[in-house]
A.B. asks: 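I have a structure here, written as structure tokens, and I will follow up with some questions on it.
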Amino acid sequence: MKSDLFEAPDYYHVDDLLTDEHKLVRSAAREWVKREVSPIIEDYAHKAEFPTQLIKGLANIGAFGPYIPIEYGGAGLDQISYGLIMQEIERGDSGVRSTASVQSSLVMYPIWKYGNEAQREKYLPKLANGEWMGCFGLTEPDHGSNPGNMVTNFKDKGDHYLLNGAKMWISNAPFAQVAVVWAKDENDRIHGLLVERGMEGFSTPETHNKWSLRASATGELIFDNVKIPKENLLPNKSGLGAPLGCLDSARYGIAWGAIGAAMDCYDTALRYSKERMQFGKPIGQFQLQQKKLAEMITEITKAQLLTWRLGVLRNEDKATSAQISMAKRNNVDMAIKIAREARQILGAMGITGEYSIMRHSMNLESVITYEGTHDIHLLITGLDITGLNAFK
Ligand SMILES: Cc1cc2nc3c(=O)[nH]c(=O)nc-3n(C[C@H](O)[C@H](O)[C@H](O)COP(=O)(O)OP(=O)(O)OC[C@H]3O[C@@H](n4cnc5c(N)ncnc54)[C@H](O)[C@@H]3O)c2cc1C
């Protein structure tokens with residue numbers, strides 16, 4: 001079993017900005033990742049399997065619905081605690097963090113915010129304790145960055161709805177018991193529907209051959225005349241703003257998560273640079289390697305401060321979608337660059353599964369694409385500051 005030597009960098013004493021509760025929540029998540037994730041994750045990534053045995057532990061550290069009220073089984077924490085949990089999990093693996101993000105922000109959040117009381121009571125406690133897993137179907141084979149053009153649709157058949165269409169690239173799809181599915185009604189308006197495994201005509205084939213997020217299960221959602229009970233429609237919000245509201249919450253979590261992946265790469269490279277001898281010196285003594293490490297800690301520190309501030313704004317309910325886009329884009333880009341540089345510091349060892357860096361690097365290729373691509377987040381900032389739409 002591999003030992004996890006991770007020590008979190010905190011160059012600007014960002015810890016001084018955290019409360020005791022934040023630190024407690026983070027340390028529970030950090031210890032759990034060291035104990036349960038690090039020893040097995042490389043093996044599961046190799047096998048391209050999601051380690052389902054982690055589900056209970058994720059629930060126990062509050063990763064399923066960190067900010068969902070306790071009365072519905074959530075952890076009732078603030079946005080910074082939510083972010084810190086995501087940071088620690090992604091320090092272990094982006095795929096495991098994706099599973100938690102989907103469960104919390106893309107499944108529990110819409111049921112909590114857009115659902116009725118009966119739906120909240122039926123689904124949220126089971127999702128919070130991991131008895132049920134959920135997935136979120138927005139992307140379609142022909143509609144990724146432009147989900148508003150989706151073709152998945154449902155028709156009112158009097159006592160039920162009839163759902164047809166397909167979703168693609170859906171995290172957790174192969175094992176989820178419930179899917180939050182975004183589909184258009186007969187007036188072209190987007191609504192969320194709760195589709196349960198076992199409904200006739202609903203299938204979830206797994207997507208294979210991924211070189212990224214290998215420890216996360218991805219699949220399709222296929223709806224072939226699926227009869228949906230009317231009580232399974234989320235009644236309290238419709239239109240594209242409904243799924244986008246969920247994405248705000250998930251993207252915020254990703255901004256923190258990416259810091260975790262970057263910290264792990266930096267910490268690994270720093271330790272290696274002090275141990276690996278070439279030309280009679282530790283490679284960390286060469287200026288070129290110091291430049292890489294110094295730039296990494298600078299970028300991590302900037303991302304920590306940006307994200308902490310965003311967390312404060314989220315706690316005050318003042319963060320805009322565009323601010324969240326900026327943090328998601330900046331932090332994932334920062335992490336992917338750090339992973340590449342860190343890999344080089346490890347030389348040939350960097351490409352092996354002996355170290356986590358190559359896995360982080362491959363994972364981050366998905367993270368930079370999903371929940372809005374790097375380009376799309378730039379266009380969101382562009383639109384926000386100019387008022388001019390460059391999407392179309
Ligand atoms: C591992 C993984 C898990 C995922 N999980 C989920 C999930 O759980 N649920 C879900 O609904 N989706 C999920 N996705 C899908 C993800 O959100 C989409 O892949 C993403 O939105 C991009 O869509 P696309 O892949 O169709 O790319 P496209 O939209 O086809 O984009 C291709 C390229 O064109 C660029 N582009 C597109 N439009 C513009 C424009 N207007 N201007 C400039 N450039 C543009 C993009 O930036 C990108 O570089 C997942 C994806 C992956 C890889």
Side-chain angles (χ1 to χ4, degrees), residues 45 48-50 90 93-110 127 133-152 165-176 178-184 190 192-193 195 204-223 240 242-251 253-254 257-258 261 325 328-329 332-333 336 359-383 386 388-392:
E49 238 178 67
F50 172 69
E90 191 147 2
D93 187 75
S94 307
V96 180
R97 197 271 306 138
S98 299
T99 293
S101 285
V102 168
Q103 184 88 340
S104 299
S105 291
L106 301 181
V107 180
M108 296 178 74
Y109 177 87
L127 291 162
M133 294 301 291
C135 67
F136 173 90
L138 180 65
T139 305
E140 297 187 349
D142 293 330
H143 303 96
S145 300
N146 183 17
N149 266 15
M150 68 175 64
V151 293
T152 298
K167 300 286 176 180
M168 199 177 177
W169 297 114
I170 308 306
S171 304
N172 300 357
F175 55 75
V178 60
V180 173
V181 175
W182 300 96
K184 283 183 175 168
I190 294 172
L193 295 167
V195 183
T204 61
E206 185 158 0
T207 302
H208 297 288
N209 260 336
K210 290 183 297 161
W211 284 113
S212 175
L213 286 197
R214 288 172 62 79
S216 157
T218 313
E220 293 169 59
L221 304 177
I222 297 174
F223 316 105
L240 189 58
L244 293 185
C246 307
L247 293 180
D248 270 357
S249 173
R251 289 165 176 173
I254 293 172
S325 279
K328 191 269 184 185
R329 182 176 187 275
V332 179
D333 188 51
I336 214 165
R359 181 170 41 81
H360 282 308
S361 192
M362 294 194 298
N363 281 343
L364 289 163
E365 292 294 339
S366 287
V367 182
I368 204 164
T369 293
Y370 69 21
E371 307 264 358
T373 68
H374 190 62
D375 297 329
I376 292 298
H377 288 298
L378 180 103
L379 295 180
I380 291 171
T381 307
L383 170 60
T386 64
L388 304 169
N389 187 344
F391 284 90
K392 43 191 177 184

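We count ligands from 1, going down the list as the structure has it; atoms in each ligand are counted the same way.
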A.B. asks: Between atom OG1 of T207 and atom CH2 of W169, what is the distance when rounded to the nearest 0.5 Å?
C.D. replies: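 Going from OG1 on T207 over to CH2 on W169, the span is 6.0 Å.
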A.B. asks: How close does the nearest protein non-hydrogen atom get to atom 3 (C) of ligand 1, and which residue and atom is it?
C.D. replies: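 Protein heavy atom at minimum distance: S171 OG, 3.4 Å.
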A.B. asks: What residue and atom, counting heavy atoms only, is the protein's closest point to atom 46 (C) of ligand 1, and at what distance?
C.D. replies: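 Nearest neighbour among protein heavy atoms for atom 46 (C) of ligand 1, to 0.1 Å: T373 OG1, 3.6 Å.
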A.B. asks: Which residue owns the protein heavy atom closest to atom 2 (C) of ligand 1, what's the atom, and how far is it?
C.D. replies: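 Closest protein heavy atom to atom 2 (C) of ligand 1: Y370 CD2, 3.8 Å.
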A.B. asks: Check whether any side-chain heavy atom of I376 lies under 4.5 Å from a side-chain heavy atom of F391, and answer yes or no.
C.D. replies: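 Yes. Closest side-chain heavy atoms under 4.5 Å.
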A.B. asks: Counting heavy atoms only, name the option from F136, W169, F391 that's nearest to atom 4 (C) of ligand 1.
C.D. replies: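 That would be W169.
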A.B. asks: Go through ligand 1 atom by atom and flag the ones less than 4.0 Å from a non-hydrogen atom of L138.
C.D. replies: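 Heavy-atom distances to L138 below 4.0 Å select 11 (O).
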A.B. asks: Y370 and S98: side-chain donor and acceptor closer than 3.5 Å?
C.D. replies: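 The answer is yes; a qualifying pair exists.
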A.B. asks: Are M133 and Q103 side-chain neighbours, meaning at least one heavy-atom pair lies under 4.5 Å?
C.D. replies: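 Yes - at least one pair of side-chain heavy atoms lies under 4.5 Å apart.
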A.B. asks: Counting from 1, what ligand 1 atoms have a heavy atom of L213 closer than 4.0 Å?
C.D. replies: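 Per the distance check, 1 (C).
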A.B. asks: Run down the list L379, I170, T369, N389 and name the one with the heavy atom closest to atom 40 (C) of ligand 1.
C.D. replies: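 Closest candidate by heavy-atom distance is L379.
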A.B. asks: Do we see a donor-acceptor contact under 3.5 Å between the side chains of K210 and T218?
C.D. replies: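 Indeed, the side chains of K210 and T218 share at least one donor-acceptor pair under 3.5 Å.
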A.B. asks: Taking atom CG of L213 and atom CG of N363, what is their separation to the nearest 0.5 Å?
C.D. replies: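 Result: 5.0 Å between the selected atoms.
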A.B. asks: Looking at atom 30 (O) of ligand 1, would you say a protein heavy atom lies below 4.0 Å from it?
C.D. replies: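 No, no protein heavy atom sits under 4.0 Å from atom 30 (O) of ligand 1.
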A.B. asks: Return the option from L378, T139, I376, V180 holding the heavy atom at the smallest distance from atom 38 (N) of ligand 1.
C.D. replies: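 Checking each option, the heavy atom nearest atom 38 (N) of ligand 1 is found in I376.
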A.B. asks: Quick check: does any side chain N or O of H377 sit under 3.5 Å from a backbone N or O of G372, one acting as donor and the other as acceptor?
C.D. replies: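 Present.
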A.B. asks: For atom 28 (P) of ligand 1, which of the options S94, S145, G144 provides the nearest non-hydrogen atom?
C.D. replies: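 Shortest heavy-atom distance from atom 28 (P) of ligand 1: S145.
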A.B. asks: Nearest protein heavy atom to atom 53 (C) of ligand 1, by residue and atom, and its distance?
C.D. replies: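 Nearest protein contact, heavy atoms only, for atom 53 (C) of ligand 1 is S366 OG, 3.9 Å.
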A.B. asks: Just how far is it from atom OG1 of T373 to atom CG of L379, taken to the nearest 0.5 Å?
C.D. replies: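 Here the interatomic distance stands at 7.5 Å.
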A.B. asks: How about atom 25 (O) of ligand 1: does it have a protein heavy atom within less than 4.0 Å?
C.D. replies: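 No, there is none.
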A.B. asks: Which protein non-hydrogen atom lies closest to atom 35 (C) of ligand 1, naming both residue and atom, and how far is it?
C.D. replies: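 So the nearest neighbour among protein heavy atoms is D375 OD2, 3.9 Å.
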A.B. asks: Is any side-chain heavy atom of S216 closer than 4.5 Å to one of V96?
C.D. replies: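 With C-beta onward as the side chain, the pair stays apart.
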A.B. asks: Checking E220 against T204: is there a side-chain donor and acceptor pair closer than 3.5 Å?
C.D. replies: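 No donor-acceptor contact under 3.5 Å links the two side chains.
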A.B. asks: Please say whether G372 places an N or O atom under 3.5 Å from an N or O atom belonging to ligand 1.
C.D. replies: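 N/O-N/O distance below 3.5 Å does not exist for this pair.
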A.B. asks: Hey, which atoms in ligand 1 end up nearer than 4.0 Å to a heavy atom of E371?
C.D. replies: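 Counting from 1, the qualifying ligand atoms are 17 (O).
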A.B. asks: Ignoring hydrogens, tell whether any protein atom lies closer than 4.0 Å to atom 33 (C) of ligand 1; use the non-hydrogen atoms only.
C.D. replies: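 For atom 33 (C) of ligand 1 the answer is no, since every protein heavy atom stays at 4.0 Å or beyond.
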